[in-house]
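Taking it in order: structure first as structure tokens, then the write-up.
Convention: sequence-line order gives letters A, B, ...; per-chain numbering from 1.
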Amino acid sequence: MRFCPSPTGAMHLGGIYVAMLDQAIARQSDGVYIIRIEDTDQEREVEGAAGDFDRILRWFGLTADEFDGQGAYGPYTQSQRADIYMSYARDLMRRGKAYPCFATKDELTAMAAEQRAMKVQPGYYGRWAPWRDAPDDQVRAKLDSGQPYVIRLRSPGEGERRVTFTDIIRGEITANDNQNDVVILKSSANSLRLPTYHFAHLIDDHLMRATIVLRGEEWISSVPVHLQLLEANGFDQIPYAHVAPLMKQEGSARRKLSKRKDPEASAEFYIEAGYPRQAILSFLRGLANSRLSYLSVAESLSEPVHLEEAGMAGPLVDLAKLDHVASEWIATMDSEDVLREVLVWAAHHDPKLAAAVESDRDLAVRALDIERKGVENPRKDLGKWSDFRAYYGYFFNPLFELVSDPADERLGGIDPEVVRTLCATYLDRYVQATDGDAWFEHLRAVSETCGFAATVRAYKDAPDQYVGSVREASQIIRVALTGTKRSPGLHLVTDVLGEPEVRRRIGALVG
RNA sequence: GGUCCCUUCGUCUAGCGGUCUAGGACAUCGCCCUCUCACGGCGAAAACACGGGUUCGAUUCCCGUAGGGAUCACCA
């Protein structure tokens with residue numbers, strides 16, 4: 001099993017997807033999950049990317065089973081394996097299966113232009129491969145003059161030949177054989193030459209004893225090249241599994257999820273929003289095997305993933321579905337666990353929230369316990385840790401702003417005098433009810449004395465006789481207590497807040 | 001453009017010749033529960049890209065067409 005990121009930018013969700021599959025397949029088959037850093041492109045290398053990858057992989061619980069310092073097949077970074085690739089390339093040259101090519105970039109682009117004009121296959125082959133069978137003395141002269149060169153494979157492919165190979169996900173695939181003398185070792189100013197992906201990956205997979213080559217669909221078309229390279233080196237073929245890319249809807253079309261255009265393409269996006277890693281992993285597993293998407297998060301993470309079941313068309317990343325999975329998952333957690341995760345997230349992404357919650361963890365647990373602890377169907381209000389502020393923030397004084405204007409629009413447009421009277425009367429007769437019905441009966445009694453109808457029905461029947469119904473009255477109390485128009489049952493909120501705080505918040509409206 | 005891959009409700013998909021008046025899940029909408037939410041219950045709307053074959057019979061097999069994706073680098 002292998003997962004091979006290249007440090008050329010931020011970690012892509014698709015990278016997490018493939019890494020997750022790699023790890024899952026390795027785990028369920030007693031295999032080893034390794035990560036190889038493919039950093040053979042010096043020009044695109046991004047400073048610090050490897051460290052970022054490591055941090056993100058760690059966050060997702062997708063760190064490799066083997067790594068430098070602990071693993072039999074290291075080093076796991078390709079740039080440190082340059083001598084290995086070079087010795088294989090030398091062997092190929094000795095046996096006439098590879099050769100140096102001195103064509104310059106300009107010559108190559110001119111050739112490509114000519115090929116386009118003539119409408120022939122682009123590439124380095126046949127009459128378009130000037131150095132393939134160049135005389136020795138000519139090669140020697142170039143070598144002696146110190147001109148830069150690359151090493152190319154001497155492709156045995158012929159024009160019309162077809163090759164067939166088996167892909168675990170797609171079954172049998174037939175394609176034209178490769179006839180292109182691909183570059184296997186790039187040019188270099190010094191004696192150390194780096195390989196191209198094509199060459200490096202199969203040497204590594206062979207040496208590291210990979211049992212499945214799991215990679216993105218974009219590699220399908222280069223399998224014929226890899227097959228020839230395998231053959232030239234005398235390596236056995238390793239089964240391929242090409243995974244369909246994660247997609248994005250754009251208008252009526254869809255395209256590959258793009259790091260540049262789509263914020264949700266980056267793995268960091270999910271960390272910042274505070275999605276639980278289990279939910280993301282479960283969601284991703286569901287995309288790979290829809291069978292898993294019908295299961296609970298815990299089950300979907302423990303059931304095996306089957307590559308053969310994976311779809312061949314790229315699935316759309318549906319954040320609404322992720323939200324659902326995430327809220328199902330959080331609903332299975334204890335309040336203490338939720339709190340711990342919220343704090344870990346907030347420490348990095350919402351320090352003010354972290355400080356407020358940290359100052360009264362007990363309050364936080366009691367707030368989270370509402371309709372969560374000891375109930376059959378827990379609340380599914382939280383889909384990600386960043387939701388905590390909106391749903392529970394008002395319990396914490398540093399995050400709560402008193403509602404002191406009786407004409408505040410959140411109060412529903414009830415006459416300010418009535419609002420004031422209701423709040424005053426409510427405090428006058430305050431009792432902390434032990435259950436919802438009792439609480440509501442109490443509120444009903446209070447609001448009736450302030451001119452509210454005891455039932456919504458009564459109000460509807462004679463709107464002129466009342467200032468509102470008990471529904472409006474309870475909304476006033478709700479807004480006073482929470483600053484929002486939506487909250488869990490108010491008797492639960494008051495119970496968690498405690499009488500002094502309830503008095504302070506409602507008192508603010510009395511003036 | 002050449003080549004390869006793909007095509008069932010908005011989305012993820014089940015289906016592997018009759019079981020399909022096409023099933024599920026998410027999303028949407030409606031009703032119920034109800035002090036507002038959330039949860040929960042019930043229900044609705046919603047798809048086999050198109051055209052030819054093969055067959056007694058095609059969502060399922062074959063061929064075209066259309067559409068989508070990928071790839072044609074000293075990037076991975």
Any donor-acceptor N/O pair under 3.5 Å between B/C5 base and A/R170 side chain: no
Check: B/C74 base within 3.5 Å donor-acceptor of A/S187 side chain: yes
Interatomic distance at P, B/U36 relative to B/G10, whole Å: 34 Å
Presence of A/S290 side-chain N/O under 4.0 Å of B/G24 phosphate oxygens OP1/OP2: no
Among B/C4, B/C26, B/C12, the one nearest A/A175 by side-chain distance: B/C4
Nearest-angstrom distance, P atom, B/U8 to B/A49: 6 Å
Whole-angstrom distance between B/U71 and B/C29, as gauged at atom P: 38 Å
A/H491, nearest nucleotide to its side chain (from B/A70, B/C37, B/C35): B/C35
Minimum-distance nucleotide (side-chain atoms of A/K380 versus B/C6, B/C39, B/A76): B/C39
Given B/C37, B/C74, B/G2, the nucleotide with the shortest approach to the side chain of A/Q121: B/G2
Any A/R291 side-chain nitrogen or oxygen under 4.0 Å from OP1 or OP2 of B/G24: no
B/A46 versus B/U21 - spacing of their C1' atoms, nearest Å: 15 Å
Polar contact flag, side-chain donor to acceptor under 3.5 angstrom, A/Q147-A/Y149: no
N or O in side chain of A/R254 less than 4.0 angstrom from B/C12 OP1/OP2: yes
Pairwise C1' distance for B/C31 and B/A45, with rounding to whole Å: 15 Å
Nearest-nucleotide pick for A/D41, side chain only, options being B/C26, B/A76, B/U13: B/A76
Residue whose nearest RNA chain B nucleotide is more 5′ - A/R152 or A/R255: A/R255
No-hydrogen, no-angle side-chain donor-acceptor test under 3.5 Å, A/T484 and A/T482: yes
Any donor-acceptor N or O pair under 3.5 Å, side chains A/E328, A/S296: no
Counter-base of B/C42, judged by Watson-Crick or G-U geometry with both distances under 3.5 Å: B/G30
Among B/C35, B/C75, B/C12, the nucleotide that comes nearest once only the side chain of A/R471 is considered: B/C35
Donor-acceptor contact present, side-chain A/R444 to main-chain A/A454, <3.5 Å: yes
Side-chain donor-acceptor contact under 3.5 Å, A/Q475 with A/R478: yes
Who pairs with B/U36 - Watson-Crick or G-U, where each distance is under 3.5 Å: none
Closest nucleotide among B/G40, B/U11, B/U13 to the A/L316 side chain: B/U11
Nucleotide B/C4, atom C1' - distance to CD of A/E172 in whole Å: 14 Å
Length of the line joining A/I220:CD1 and B/G2:P, which is rounded to integer Å: 19 Å
Complement of B/C50, any strand, by Watson-Crick or G-U distances under 3.5 angstrom: B/G64
Under 3.5 Å donor-acceptor, A/R471 side chain and A/V456 backbone: no
Nearest-nucleotide comparison on RNA chain B, the residue closer to the 5′ end among A/E217 and A/S474: A/S474
Donor/acceptor link under 3.5 angstrom from A/R444 side chain onto base of B/C35: no
Euclidean distance for C1', B/A14 against B/G24 (whole angstrom): 7 Å
Phosphate contact (B/A73 OP1 or OP2) by A/K186 side-chain N/O below 4.0 Å: no
Between P of B/A73 and CZ of A/R44, the distance in whole Å: 15 Å
Nucleotide nearest A/D381 (side chain, heavy atoms from C-beta), chosen from B/A38, B/C4, B/U71: B/A38
Face-to-face stacking of A/Y197 with B/C75, centres under 5.5 angstrom, angle under 30°: no
B/A27 versus B/A47 - spacing of their C1' atoms, nearest Å: 15 Å
Touch class at under 4.0 angstrom, heavy-atom based, for A/R379 against every strand present: base
Between B/C5 and B/C42 - C1' atom distance, rounded Å: 43 Å
Donor-acceptor side-chain pairing of A/Y125 and A/N178 below 3.5 angstrom: no
Nucleotide opposite B/C4 in a Watson-Crick or G-U pair, distances under 3.5 Å: B/G69
